[in-house]
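Report on one structure; see the data block that follows.
Every heavy atom of this structure was used, including side-chain atoms; hydrogens, water molecules and symmetry mates were not. Naming convention: chains lettered A, B, ... in sequence-line order (proteins, then strands); numbering from 1 in each chain. Quick caveat: nothing in here was measured; it's all calculated off a predicted structure.
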2 protein chains.
Amino acid sequence: MTASRVTIGDVARHAEVSTSAVSKVLRNAYGVSPAMRTRVLAAIKELGYRPHGAARALRGHTSTLGVLLPDLRNPFFPDLIDGIAEELGDTCYQVVISQAGRDPAGESRAVHALIDQSVGGVVLVAPLSPPADLEVIAKAVPVVVLGRDDRSPHYDAVFGDEEVGAGLVVEHLAGLGHRRIAHLADAAWHGSGRGEPATPPDPRAHAYERAMARLGLGAYADIVRTSYTEEGGRAGVGELLRRPEPPTAVFAGADLVAIGALGALREAGLDVPGDVSVAGYDNSWLAGLAHISLTSVDQPGLTMGRTAARLLLERIGGRTASARISITPTLVTRRTTAAAPPPGHNPDAANFNVTEI
Amino acid sequence: MTASRVTIGDVARHAEVSTSAVSKVLRNAYGVSPAMRTRVLAAIKELGYRPHGAARALRGHTSTLGVLLPDLRNPFFPDLIDGIAEELGDTCYQVVISQAGRDPAGESRAVHALIDQSVGGVVLVAPLSPPADLEVIAKAVPVVVLGRDDRSPHYDAVFGDEEVGAGLVVEHLAGLGHRRIAHLADAAWHGSGRGEPATPPDPRAHAYERAMARLGLGAYADIVRTSYTEEGGRAGVGELLRRPEPPTAVFAGADLVAIGALGALREAGLDVPGDVSVAGYDNSWLAGLAHISLTSVDQPGLTMGRTAARLLLERIGGRTASARISITPTLVTRRTTAAAPPPGHNPDAANFNVTEI
DNA sequence: ATACCTACGGGTAACGTTCCACGATTTCCT
DNA sequence: AGGAAATCGTGGAACGTTACCCGTAGGTAT
């Protein structure tokens, strides 16, 4: 029952010109007189005509860009999206977002679905697929990877400097006297499994390890791989608390994970930061909430989003040289990190301080 | 430099059949022998062929559904998306998400962009556009509205029962002895402005007013309109605290707003729930966090998302009769609501209890 | 043997847009 | 004045897919 669409032909008839003419004013191409332009514009408005995106796409024109997000719940991602949308504000491009699965297969399916929809380009946020797969995708459509330090000849990358970020956290915690500093890493970023040069090794976890080693704490390094969700944070802390000597500080790879960690610690009767310090990553709005006040590594999401969008536009514009842009993070210290408890400290004794229910 | 796409013609040539034949096996239509089918399938796999979405769309076939979200930060929305994705799991449909602006104009632009992309249907989450505009849109594409109680002959609606939801909160707070119960409502839901029958009146705010009246607290009803964001919650509380007699309870129309309210109250030196009680709406994962533990009206986001997707599929399948599905919310009480302070209570005196920095 | 069905496969006209090539007119230059 | 150049507008062939319609081959009932 959907009324048949009004086409460029209808507009042409109504304005008594050719469809080519209408097409020209639509794309404001060369060769159209002001008189005709106004007539066509009037006809368009009168008929409420809107160009058919699919038909345009068939001719190779597109006005949508795709953004692939691993997860809608991560509070850092809206910042990226806002940045992308801002940069695209004065262009004709429109953003569509697609949620990738938690696994490379789902991610691949989602990105191909985006391409089948003939988007003009894609921003892949923290993708799971190995670089080789992305090279293939980049052959079909301009690609910018956001949040992974890939070096590819065919697509661009925008990412925070993990070495600096992890270093800041570890140095901060070590400076507070912590030695047993554990790290909750992203399980999805599995080192491979087939022995093939698959996804590059998790750079955040590696940076953590190097920072620990640099500070002479290499023996205390302890990585738990878990999902980058609140639930993952809970599970990770659950595992850490079963260690013979649980850590006194937890460096979560994402704010959401840190939030889960905070919850699990609280439920275990441990005080933050009295018994255990917790730090997150991304400094999303969640970290800044008064009731959470999470120490976190600040990454300028808006800037990163804008940069990714800019690179994508450049690629679409014809740039073939590859770009790699690194962004240096900073540390925002808040109330979840404090001096390490004294060596003989018994966490359970601290429970007397807990005044909340 | 993007390599030219492999088309259905390439597949046909490679399998030595006609394009019609390939098209048939693609849609597994009638009239194709098993032998040919396997040959074509082999060719498809060998060439890595993927059907061109835009070309299909031009012929009237589509396999994407659009979801329009007002805001990526609202923690309730991912639940809806997950519900929609779940329901669509075993169909060929793929979801794309688009972020509407904060104003009706931006929303309209976003939904039309979606339609131009020839989606097969759209789910509009808490739309700002007046029903009349949605009727127009529903003429072009199947529409389901999620989170607003519209009764339209041309599109469906799935929504929580606001009367029950607001009633539960107000009764809960009144039962705890509160009288000055204020409400933070959505400013975007402006009652109109032109005198035209624009967007219907904010049902949540109205339900709040009726509940207050029903309990004999009509004189205490106090609505502050603010944006449905964390910042909006802060601003709303700021305004409420400037009242001659500030409220002892705040009913925020969304969890995110309640979070902002909590932050502002804390910064004002007020204790929650000692001095002021706070309740939210949607019972998103944010409300359940141990560090927040917000009393909130529970709406089953997953179910609502699934229902919306189901209705959309039915519409696409040809149903023309309109559906309206109301979902009854429940109340989850947590630690942000408690008995009202005694009449002579001086909030400032309570500051002695504040132990945190 | 003829007519009729069924199963299988191909030919081809759309779908709505863009853009190249090419007329038709006017303006400019010497 | 004669032609070149600039300007304005049109025709029509794609783009990749689908769906209708029509052959053909073999089988079966009359």
| Can we say Arg151(B) and Asp156(B) salt-bridge, meaning some charged N sits less than 4.0 Å from an Asp/Glu carboxylate O? | no

| task | Return the value, rounded to whole Å, for the distance between atom CD of Glu16(B) and atom P of dG10(C). | result | 11 Å

| Which part of the nucleic acid does Ser33(B) contact within heavy-atom distance under 4.0 Å: base, sugar-phosphate only, or nothing? | sugar-phosphate

| task | May I ask you to decide whether Asp82(A) forms a salt bridge with Arg306(A), counting only side-chain N to carboxylate O separations under 4.0 Å? | result | no

| field | Gap between atoms CZ and C1', on Arg27(B) and dA19(D) respectively (whole Å) | value | 6 Å

| query | If you check every side-chain atom of Thr7(B), which of dG10(C), dT10(D), dT17(D) has the closest atom? | reply | dT17(D)

| said: Looking at Arg5(A) and Asp116(B), is there a salt bridge between them, counting it only when a charged N and a carboxylate O are closer than 4.0 Å? | reply: yes

| said: Let me spell it out: for each of Lys24(A) and Tyr30(B), pick the nucleotide of DNA chain C with the closest heavy atom. Which residue's pick is nearer the 5' end? | reply: Tyr30(B)

| query | Between dC8(C) atom P and Asn28(B) atom CG, what is the distance in whole Å? | reply | 14 Å

| remark: Closest of dT17(D), dT17(C), dG9(D) to the Ile8(A) side chain is dT17(C)

| query | Atom CZ of Arg59(B) and atom C1' of dG16(C): how far apart are they, to the nearest Å? | reply | 12 Å

| field | Between dT17(D) (P) and Ile44(B) (CD1): distance, integer Å | value | 10 Å

| Proximal nucleotide (of dG16(C), dT10(D), dG10(C)) relative to the His52(A) side chain | dG16(C)

| Once you round to the nearest 0.5 Å, how far does CZ of Arg148(B) lie from OG of Ser129(B)? | 7.0 Å

| said: Which nucleotide wins on minimum distance to the side chain of Ser18(A), given the candidates dA19(D), dG9(C), dG11(D)? | reply: dG11(D)

| How close or far is atom C1' of dG16(C) from atom CZ of Arg56(B), stated in whole angstroms? | 18 Å

| remark: Taken to the nearest whole Å, CG/Leu47(B) to C1'/dG16(D) is 15 Å

| request: Measure the distance from CG on Leu58(A) to P on dG16(C) and round it to the nearest whole Å. | output: 12 Å

| field | Donor-acceptor pair, side chain of Ser63(A) and main chain of Tyr93(A), under 3.5 angstrom | value | no

| message | Starting the side chain at C-beta, find the nucleotide from dT18(D), dA14(D), dC15(C) nearest to Leu26(B). | response | dT18(D)

| task | Please tell me which of the listed nucleotides, dT18(D), dT10(D), dA19(D), lies nearest to the side chain of His61(B)? | result | dA19(D)

| task | Take Arg37(A) and Ser20(A), find for each the nucleotide of DNA chain D with the closest heavy atom, and name the residue whose nucleotide sits nearer the 5' end. | result | Arg37(A)

| Listed nucleotide nearest any side-chain atom of Val17(B), set dG10(C), dC15(D), dT18(D) | dG10(C)

